[in-house]
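Remember, it's 1-based here, ligands and their atoms both numbered in the order they're listed.
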Amino acid sequence: MEFFDVIIIGAGPSGSVAAAYLHNQEKKVLVLEKELFPRFVIGESLLPNCMNHLEESGLLEVVKKDNFQIKTGAIFHAGKDKCAFEFSDQYSEGWTWTWQVKRADFDKILIDEVQRKGVDVQFNCEVVEVKLENDYQIVSYKKPSGELKSVKSKFVMDASGYGRVLPRLFQLDQPSDLIPRGAVFTHLIDTRRTEKAGNNIFVHSFNNNAAWLWAIPFSDGTTSIGVVGENSYVASMYANNAREFRKLFDTFEELKGRFTDAKFLFEPKIIRGYSIGVKQMFGNGYVLCGNATEFLDPIFSSGVTLATASGLLAAKMVNEQLNGKKVNWELDYENVLKEGIEVFRSYVNAWYNGDLQSIIFSDNIQSDFKQQICSVLAGYIWDNNNPFVKKHGTILRTLAKVIKLNKTRRQY
Ligand code: FAD
């Protein structure tokens with residue numbers, strides 16, 4: 001049986017970053033990926049903080065060579081209200097831009113580079129069983145021929161995203177505390193994109209904050225569009241050949257006419273039940289990263305950044321452990337990751353209960369508050385000097401209350 005230092009399940013951004021880092025540390029790595037690449041996956045708008053992770057794992061330069069759409073901020077709308085964030089005007093030190101990417105292309109570039117560096121990557125290989133022993137793990141996968149093969153490693157990293165291989169095999173899934181929501185989306189040819197519309201992600205909240213839509217322009221003149229809402233709402237958008245979804249975008253002033261009769265590049269897809277948690281993120285000889293841990297909600301485009309952050313952090317700790325150092329997975333991995341997820345949880349809740357909209361759409365939002373919120377939206381969720389990170393649990397609620405109170409006072 002072939003023996004590796006680390007076997008990584010999944011070749012998404014989390015798996016690629018982890019594989020690249022460990023290979024740079026001269027570890028013998030095997031990546032097992034179920035699909036043939038390029039493959040479609042949703043999650044196209046990145047956050048500036050993920051540039052740090054790509055850079056540290058040695059994957060940034062290869063992505064820079066491609067012509068991905070530069071993203072410098074995000075625009076939020078609700079009714080007639082509008083708030084544009086520019087990452088150049090943020091509180092935390094760091095990257096002020098990132099990209100909007102078709103994930104089929106982006107993920108392939110990353111894993112091709114990992115392979116070019118010398119990592120063993122096997123596509124069309126689905127992991128079906130993982131047996132944990134004391135000193136090594138046995139990973140069994142279905143080869144493209146259908147035949148089962150087993151390989152051994154000192155450590156297993158589960159970066160299987162929506163596949164959630166180890167949470168399923170080890171019964172680690174935990175229901176999310178968020179209302180079950182879903183999304184309907186497609187890509188289209190965006191011939192009527194204007195300069196005024198800009199190239200940053202566009203988000204519009206509606207139905208009393210219960211639903212929102214996105215438009216994510218790509219550099220090749222195509223755009224990703226989608227709508228998110230509670231399960232019954234997205235089912236109604238998807239029904240009858242996505243009839244309501246096709247009409248939806250014309251009902252908003254800023255998008256009126258832009259996508260009318262635009263050619264869809266694929267039939268609208270629906271995804272539901274993506275919000276899910278996990279009982280534990282590590283165990284003896286294994287760790288979960290990226291979406292295989294907890295996924296909350298797509299509203300702040302945090303998925304890929306959390307995937308690269310966790311892939312990199314886990315890879316660093318695996319490396320130390322394999323080098324004979326004692327590592328504290330609970331303190332230095334699970335708690336750190338949970339801390340970041342909890343920041344986003346507060347923002348997700350504040351989005352759907354309208355507190356965040358009250359703040360960002362208020363006429364007189366203080367510029368330092370806006371910069372601090374902008375840093376969270378850029379993915380700098382571990383910067384505890386930022387009060388909008390440190391006090392995430394209370395600050396949005398309190399500020400929204402004050403803004404609403406002042407508004408009421410002004411009316412009388
Ligand atoms: P993935 O990218 O899912 O990669 C996991 C890989 O593992 C896949 O290639 C899969 O084929 C492979 N795999 C699965 N099972 C097995 C198996 N048994 N054996 C071997 N391989 C396996 N995030 C953003 O950052 N920005 C966004 O704008 C954004 N928008 C989103 C919109 C919606 C509607 C949703 C639902 C999510 C969105 N996300 C977004 C989140 C994003 O999709 C994920 O967070 C991200 O893809 C996670 O990356 P990953 O590397 O963990 O997993």
Side-chain angles (χ1 to χ4, degrees), residues 7-19 30-50 53 71 74 98-104 106-108 110-111 121-130 139-143 156-169 181-186 200-203 212-216 218 224-229 234 268-276 288-312 314 341 344 377 379:
I7 293 175
I8 299 175
I9 310 171
S14 199
S16 280
V17 162
L30 170 68
V31 179
L32 293 170
E33 165 56 52
K34 185 170 91 173
E35 306 282 338
L36 278 172
F37 274 34
R39 58 88 179 90
F40 179 88
V41 65
I42 194 66
E44 298 145 336
S45 185
L46 308 183
L47 302 184
N49 194 13
C50 86
H53 316 136
K71 170 187 175 185
T98 183
W99 290 291
Q100 284 155 184
V101 299
K102 284 186 179 163
R103 289 285 303 283
F106 177 74
D107 290 15
K108 179 157 169 49
L110 295 182
I111 198 65
V121 183
Q122 300 293 327
F123 293 97
N124 209 357
C125 287
E126 181 184 0
V127 172
V128 291
E129 192 181 57
V130 177
V139 176
S140 302
Y141 64 96
K142 239 190 260 166
K143 295 208 303 181
V156 177
M157 299 182 73
D158 184 4
S160 62
Y162 299 99
R164 303 185 68 75
V165 172
L166 293 188
R168 283 184 213 278
L169 287 176
R181 297 186 174 92
V184 176
F185 51 88
T186 188
N200 285 336
I201 181 173
F202 171 100
V203 169
W212 56 277
L213 59 79
W214 79 70
I216 301 175
F218 300 124
S224 166
I225 60 166
V227 63
V228 174
V234 291
K269 295 177 194 279
I270 187 165
I271 178 170
R272 279 176 287 198
Y274 44 66
S275 303
I276 187 152
L288 317 178
C289 349
N291 259 46
T293 59
E294 172 153 18
F295 182 72
L296 297 174
D297 191 272
I299 176 60
F300 301 116
S301 306
S302 58
V304 171
T305 300
L306 285 170
T308 52
S310 55
L312 183 60
I341 292 171
F344 274 126
L377 302 183

**OP:** Answer whether the closest heavy-atom distance between the side chains of Ile9 and Val130 falls below 4.5 Å.
**Re:** yes
Original post:
Can you tell me how far OG1 of Thr186 sits from CD1 of Ile225, rounded to the nearest 0.5 angstrom?
Top reply: 6.5 Å
**OP:** Would you check whether Asn291 has a nitrogen or oxygen atom less than 3.5 angstrom from a nitrogen or oxygen atom of ligand 1?
**Re:** yes
Original post:
Sub-3.5 Å donor-acceptor pair from the side chain of Ser310 to the main-chain atoms of Cys289, do we have one?
Top reply: no
**OP:** Nearest heavy atom to atom 35 (C) of ligand 1 wins, so pick from Ile111, Leu36, Ile42.
**Re:** Ile42
Original post:
Of all the atoms in ligand 1, which lie at a distance below 4.0 Å from a heavy atom belonging to Ala159?
Top reply: 5 (C), 6 (C), 7 (O)
Original post:
Any side-chain heavy atom of Asn291 sitting closer than 4.5 Å to one from Ser14?
Top reply: no
Original post:
Does the Ser301 side chain pair with the main chain of Leu46, one donor and one acceptor, at a distance under 3.5 Å?
Top reply: no
**OP:** Would you check whether Arg39 has a nitrogen or oxygen atom less than 3.5 angstrom from a nitrogen or oxygen atom of ligand 1?
**Re:** yes
Subject >> For Ser14, the ligand 1 atoms whose distance to one of its heavy atoms is below 4.0 Å >> reply: 51 (O), 52 (O)
Original post:
Can you tell me if Arg164 uses its side chain to pair, donor with acceptor, with the backbone of Leu169 under 3.5 Å?
Top reply: no
Original post:
So, do Leu110 and Phe37 sit near enough that their side-chain heavy atoms are less than 4.5 Å apart?
Top reply: no
Subject >> Of the listed options Phe106, Tyr162, Tyr141, Phe40, closest to atom 37 (C) of ligand 1 (non-hydrogen atoms) >> reply: Tyr162
Original post:
Can you list the atoms of ligand 1 that are under 4.0 Å from a heavy atom of Ile9?
Top reply: 19 (N), 20 (C)
**OP:** Find out whether Lys108 and Phe106 are in side-chain contact, i.e. whether some heavy atom of one side chain is under 4.5 Å from a heavy atom of the other.
**Re:** no
Original post:
Would you call Val165 a ligand 1 contact, heavy-atom distance under 4.0 Å?
Top reply: yes
**OP:** Just need the protein heavy atom nearest to atom 26 (N) of ligand 1, so name the residue and atom and give the distance.
**Re:** Ser45 O, 2.8 Å
Original post:
Atom CG of Asn124 and atom NZ of Lys143: how far apart are they, to the nearest 0.5 Å?
Top reply: 12.0 Å
Original post:
Which of the numbered atoms in ligand 1 are below 4.0 angstrom from a heavy atom of Gly163?
Top reply: 14 (C), 15 (N)
**OP:** Pull out every atom of ligand 1 sitting under 4.0 Å from any heavy atom of Phe37, numbered as shown with elements.
**Re:** 9 (O)
Subject >> Top protein contact for atom 33 (C) of ligand 1, by heavy-atom distance >> reply: Pro298 CB, 3.5 Å
Original post:
Quick one: CD1 on Ile7 to OH on Tyr141, what's the gap to the nearest 0.5 Å?
Top reply: 8.5 Å
**OP:** Give the atoms of ligand 1, by number and element, whose distance to some non-hydrogen atom of Cys125 is under 4.0 Å.
**Re:** 19 (N), 20 (C)
Original post:
Has ligand 1 got any nitrogen or oxygen that is less than 3.5 angstrom from a nitrogen or oxygen of Tyr274?
Top reply: no
Original post:
Looking at ligand 1, does any of its N/O atoms fall within less than 3.5 Å of an N/O of Gly15?
Top reply: no
Subject >> Nearest neighbour of atom 18 (N) of ligand 1 from the list Ile299, Ile8, Val127, on a heavy-atom basis >> reply: Val127
Original post:
Should Ile299 and Val228 count as side-chain neighbours, where that means a heavy-atom distance under 4.5 Å?
Top reply: no
Original post:
For atom 14 (C) of ligand 1, what's the nearest protein heavy atom and its distance?
Top reply: Ser160 O, 3.2 Å
**OP:** Return the option from Glu35, Arg103, Glu33 holding the heavy atom at the smallest distance from atom 9 (O) of ligand 1.
**Re:** Glu33
Original post:
Got the closest protein heavy atom to atom 53 (O) of ligand 1, with its distance?
Top reply: Gly161 CA, 3.3 Å
Original post:
Which atoms of ligand 1 have any heavy atom of Glu44 under 4.0 Å away?
Top reply: 26 (N), 27 (C), 28 (O), 29 (C)
Original post:
So do the side chains of Tyr274 and Pro298 get within less than 4.5 Å of each other, counting heavy atoms only?
Top reply: yes
Original post:
In the protein, what heavy atom is nearest to atom 25 (O) of ligand 1, and what distance, to one decimal place, separates them?
Top reply: Val304 N, 2.7 Å
Subject >> Nearest-neighbour protein heavy atom for atom 22 (C) of ligand 1, which is reported as residue plus atom name and distance >> reply: Lys34 CB, 3.5 Å
Subject >> Option from Lys102, Arg103, Gln100, Glu44 for which side-chain hydrogen bond (donor to acceptor under 3.5 Å, both in side chains) with Ser224 holds >> reply: Glu44
Original post:
Is there a nitrogen or oxygen of Glu126 sitting under 3.5 Å from a nitrogen or oxygen of ligand 1?
Top reply: no
**OP:** Using a 4.0 Å heavy-atom cut-off, say whether Ala307 meets ligand 1 through its side chain, its backbone, both or neither.
**Re:** side chain
Original post:
Checking Ser160 side chain against Val165 main chain: does a donor-acceptor pair fall under 3.5 Å?
Top reply: yes
Subject >> Contacting atoms of ligand 1, where contact means under 4.0 angstrom from a heavy atom of Ala183 >> reply: 34 (C)
Original post:
Is there a side-chain contact between Pro167 and Leu288 (heavy atoms, below 4.5 Å)?
Top reply: yes
**OP:** Specify the protein heavy atom at minimum distance from atom 30 (N) of ligand 1: its residue, its atom name, and the distance to 0.1 Å.
**Re:** Gly43 CA, 3.4 Å
